[in-house]
Amino acid sequence: MLETIRIITFPSVWHAFRAEKIFKAAGIGCTMIPVPRELSSSCQGLAAKIAADALEQALALLDEQQVQMEKRGVTVNKL
C-alpha cells in the first residue's frame, strides 16, 4: 500500500535541525528523514516529513522564522 507523505527539504542540515526545533516548540509533529531519491539523485541532506493537516502551519512558521527551504510540502508516495 502506498503512503502519501509531505516533505520539506532544506539547503543544509543546519536549516533542517533549526526547523525541527521550531516544530517541536510549536507542537507540530515531524520526522527528519534522508531526502527521498525522488527529490534528489544524490540523496544527501535531511527533509522534514510533515502530516498533511499541519503543513500550512509548518510552512508559515518557517517563513516567519526565516528558515530557508528548497522544496515546500512536496507530495511523495512511499511503500
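This one's a predicted model, so the numbers in the text were calculated from it and none came from an experiment. Values below: all heavy atoms of this structure, side chains included; hydrogens, waters and symmetry mates excluded.
Across every non-hydrogen atom of Gln65 and Arg18, the tightest pair is O-NH2, 2.6 Å. Of all heavy-atom pairs spanning Ile28 and Ala54, the tightest one is CG2-CB, 4.0 Å. Pairing each heavy atom of Gln68 with each of Phe10, the nearest pair is O-CD2, 3.3 Å. Heavy atoms only, all atoms of each residue included: Leu61 and Ala26 are closest at CD1-CB, 3.4 Å. For the residue pair Ile50 and Gly29, the shortest heavy atom distance occurs at CD1-O, 4.1 Å. Listed here is the closest heavy atom pair of Ala19 and Val67: CB-CG1, 4.3 Å.
With salt bridges taken as basic N to acidic carboxylate O contacts below 4.0 Å, none links Arg6 and Asp53.
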Check your understanding: Under the side chain to side chain contact (heavy atoms under 4.5 Å, CB included) criterion, do Met69 and Asp63 qualify, and how do the steps go?
Key -> CA-CA 9 Å; Met69 297 171 272; Asp63 284 338; 3.3 Å; yes

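Hydrophobic clustering, with ILVMFWY side chains joined whenever heavy atoms are under 4.5 angstrom apart, groups Val35 together with Val74. Hydrophobic clustering, with ILVMFWY side chains joined whenever heavy atoms are under 4.5 angstrom apart, groups Phe23 together with Phe17. With hydrophobic clusters built from ILVMFWY side chains whose heavy atoms lie under 4.5 angstrom apart, Ile33 does not share a cluster with Trp14.
To the nearest 0.5 Å, the span separating CG on Leu62 from CD on Gln57 amounts to 10.5 Å. Between the NZ atom in Lys49 and the OG1 atom in Thr31 there is a gap of 5.5 Å [rounded to 0.5 Å]. Here the CG-CD distance, from Leu46 to Glu20, works out to 8.5 Å after rounding to the nearest 0.5 Å.
Residues Leu59 and Ile8 have side chains in contact (heavy-atom distance under 4.5 Å, counting atoms from C-beta outward). At a threshold of 4.5 Å between non-hydrogen side-chain atoms, the residues Lys21 and Lys24 do not count as touching.
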